[in-house]
Number of protein chains: 2
Amino acid sequence: MTDATQVKPDAFKVACSSCNLRELCLPVGLARPDLERLDALVATRRSVARGDMLFRAGDAFQSLYAVRTGFFKTCVSSEDGRDQVTGFQMAGELLGLDGISNDRHSCDAVALEDSQVCIIPYGQLESLSREFTDLQHQFHKIMSREIVRDHGVMLLLGSMRAEERLAAFLMNLTQRLQARGFSASSLILRMTREEIGSYLGLKLETVSRTFSKFQDDGLLEVKQRHIRIIDQDGLQQLINGAHC
Amino acid sequence: MTDATQVKPDAFKVACSSCNLRELCLPVGLARPDLERLDALVATRRSVARGDMLFRAGDAFQSLYAVRTGFFKTCVSSEDGRDQVTGFQMAGELLGLDGISNDRHSCDAVALEDSQVCIIPYGQLESLSREFTDLQHQFHKIMSREIVRDHGVMLLLGSMRAEERLAAFLMNLTQRLQARGFSASSLILRMTREEIGSYLGLKLETVSRTFSKFQDDGLLEVKQRHIRIIDQDGLQQLINGAHC
DNA sequence: CGCTGCTTTGATAGACATCAAGTTCGGTGG
DNA sequence: CCACCGAACTTGATGTCTATCAAAGCAGCG
C-alpha cells in the first residue's frame with residue numbers, strides 16, 4: 001500500500017501556534033514568543049499507516065512525537081514473548097518519553113488507524129527548554145502526568161475486578177475524547193478486544209463477556225466496536241466499588 | 001516517639017559532591033562545577049521515623065526527595081478506599097516526581113524504617129537545570145526511567161502469575177541492593193506480606209504461600225522477613241515463563 | 001510474660017482463563 | 001454486485017488460580 005521510499009516527512013506544516021491541539025499538547029500555557037520558537041522546532045510531520053510502527057523497542061531515541069491525528073498503542077514485551085499494552089494515545093498526546101532514559105526506545109508504538117505525528121527533536125527541545133521556563137515546566141508536567149497515569153493503571157491492574165477495569169477504561173476514553181470535542185456518550189473503539197484485554201490484564205473473551213454483561217445491564221449499547229454509553233452514572237458506580 | 005516540634009531539617013549536611021550515593025542518585029555523571037552548584041541546592045535533610053509519612057496525597061508539592069538512608073513505599077488510593085503500593089524506594093532513589101504534574105502530590109510516601117532524605121527544592125532544581133545541560137539531561141533520564149519502570153510493573157501485573165510476580169520482585173530487589181553493595185543472596189524485607197501483595201496485585205496469603213512454595217522447591221530460605229536466595233537461576237527461569 | 005501485629009497454613013469459593021464452537025463484519029476478487 | 005474469506009467477536013462448558021474465610025503459630029515489645 002504505502003510506498004516504502006515515501007518515508008520523507010510530510011512537507012506541508014501547521015505551526016504549533018495555530019494548531020487546534022495547542023491547548024491539549026506540549027504548547028499548553030505558552031506565551032507568544034515561546035510558541036514561535038516551538039514552531040521552528042516542531043517543523044516536520046510524519047504519517048504512519050494503520051498497523052505500522054512509529055518506533056519500536058530498541059530503536060535509537062531521537063525525537064518525541066505528538067499525535068496530530070489518529071490513534072496509537074504502545075506495548076512493552078519481555079524476553080519470553082509476553083506482551084503488554086501500556087497505553088493508548090490520541091490527538092495531542094506525546095509518544096516516546098520512555099526513550100530518554102536509555103537513548104533507546106523501550107516500547108513499540110503502533111498506529112491503530114492512519115495517523116499523523118509531529119516530530120519533536122529531543123535535543124532541540126532540551127535546548128529550548130533551557131531558554132524558556134514555561135516550556136521547561138510544561139514538559140516536566142507532561143512527564144510527571146505520565147507517571148501519575150501509570151500509577152493509576154497499576155491501581156487498576158492490582159486491585160480492580162474485570163467489570164471495574166473495563167468501566168474505568170471506558171470512562172477514561174470518553175473523558176479524553178470529550179476533551180477533544182467528541183461525544184461523551186458515543187464512541188468507536190480503535191483497538192481490538194485483545195488489545196483492550198492486554199491493557200487491562202484480561203483475556204479477550206473476558207473483555208467480550210464484560211461488554212455483553214454491560215449491555216444486558218443496560219449500561220451500554222455494544223455493536224462490535226461501536227459503543228454507546230447509556231448509563232454513565234452506573235459505570236461510575238461500578239468503578240467506585242459498588243460490589244460486596 | 002519523635003518530638004513533633006522537631007520538624008526542622010537536620011542541621012548537619014553531607015554535600016552531594018562527597019556523598020557516597022552520588023553514583024546512584026541525581027548527581028550521576030555530573031562534572032565538578034555542576035556538582036558544587038547542586039551541593040548548594042540540596043542543603044537540607046530530613047529524618048522520617050518508621051511509619052511516618054514524608055508526604056501524602058494532596059499535599060502541596062514543593063520538593064523532590066532523595067532517599068539517603070532507609071526505605072520507603074509509595075501508595076496511591078482511589079476515592080473508594082482501594083489502595084495500591086506503587087513502589088519501594090531505597091538509598092539514592094528519588095521520591096515526589098508525581099507532584100510536578102499538579103503542584104500536589106498524588107501519592108503517599110511512607111518510611112518503612114527510620115530514614116533520612118535529602119530535600120531538593122523543585123523550583124531551584126528547574127533553575128539550575130536551565131544552566132547545566134548535564135543536570136537537565138540527568139533529571140529527564142530519571143523521570144523517563146520511572147516511566148519505563150512503571151511499564152515493567154504493568155507488564156508484571158497484567159501478564160504474570162503469582163510465582164512469576166514474586167520471583168520478579170525478589171530479583172529486582174536483590175539487583176538494586178547489590179548495586180548498593182549489599183549481598184546478592186541474602187536480604188531482609190522491609191515491608192509486610194500485605195505490602196508486597198499490594199505491590200504485586202496479590203493477597204497477603206498468596207504471597208506467604210508462594211514464599212513457602214519457593215522454600216519447598218529449594219529456591220529460597222524464608223524465615224519471616226529474612227530471605228536467603230539459594231537458586232537464583234531457578235528464580236530467573238520462573239520469570240522467563242518456565243511454565244506450560 | 002502476655003499482648004499485638006505479622007505470618008503461616010488449611011478448606012472452600014469465586015473469578016477469570018482456557019478450550020471450543022459458532023457468528024458477524026469488512027474487504028477482496030470473481 | 002455478489003459471494004467468499006479471514007479476522008475479529010460472541011458465547012458456552014470446563015478448569016485453574018487466586019481470593020476468601022478461618023484458625024493457629026511466631027516474634028517483638030512493653
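Proteins come first, then strands; the chains are lettered A, B, ... in the order of their sequence lines, and each starts at number 1.
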Exercise. Salt bridge check: are A:Glu163 and A:Arg209 linked by an N-O gap of less than 4.0 Å?
Worked result: no
Exercise. Is the shortest distance from a Lys or Arg side-chain nitrogen in A:Arg180 or A:Glu23 to a carboxylate oxygen in the other one below 4.0 Å?
Worked result: no
Exercise. Hey, can you pull the residues of residues 185-195 of chain A with a non-hydrogen atom under 4.0 angstrom from DNA chain C?
Worked result: none
Nearest-angstrom distance from the residue atom [atom1] of [X] to [atom2] of [N]:
X	N	atom1	atom2	answer
A:Phe211	D:dT11	CZ	C1'	16 Å
B:Lys213	D:dT18	NZ	C1'	14 Å
B:Leu200	D:dA19	CG	C1'	15 Å

Seminar exercise, completed: Quick note, salt bridge (Lys or Arg N to Asp or Glu O under 4.0 Å) partners involving residues 192-204 of chain A, not counting sequence neighbours, are A:Lys73-A:Glu195
For this session: Remember a base hit wins even if backbone is also touched, and classify B:Ser208 as base, sugar-phosphate or nothing at under 4.0 Å, heavy atoms.
Result: base
Exercise. Should the heavy atoms of other residues, nucleotides or ligands under 6.0 Å from CZ of A:Arg50 be counted, would the total exceed 12?
Worked result: no
Problem set entry | Atom CZ of B:Arg225 with >12 non-hydrogen neighbours under 6.0 angstrom | yes
Problem set entry | Close aromatic pair by centroid cut-off 6.0 Å: A:Tyr199 and A:Phe88 | yes
For this session: Test B:Leu166 against B:Leu238 for side chain to side chain contact (heavy atoms under 4.5 Å, CB included), laying out the working first.
Result: CA-CA 10 Å; B:Leu166 189 62; B:Leu238 258 180; over 6 Å; no
Exercise. Which residues satisfy the side-chain hydrogen bond (donor to acceptor under 3.5 Å, both in side chains) test with B:Tyr65, sequence neighbours excluded?
Worked result: none
Problem set entry | Results of side-chain hydrogen bond (donor to acceptor under 3.5 Å, both in side chains) for A:Arg228 - residues two or more places apart only | A:Glu221
Exercise. Between the side chains of A:Thr74 and A:Thr86, is a donor N or O closer than 3.5 angstrom to an acceptor N or O?
Worked result: yes
Exercise. Looking at five pairs on each end of the helix from C:dC1-D:dG30 to C:dG30-D:dC1, what is the angle between the two axes, given to 10 degrees?
Worked result: 40°
Problem set entry | Footprint string (nucleotides 13-27 of chain C, 5' to 3'): B base within contact, S backbone only, - free, heavy atoms under 4.0 Å | ---SSBB-----S--
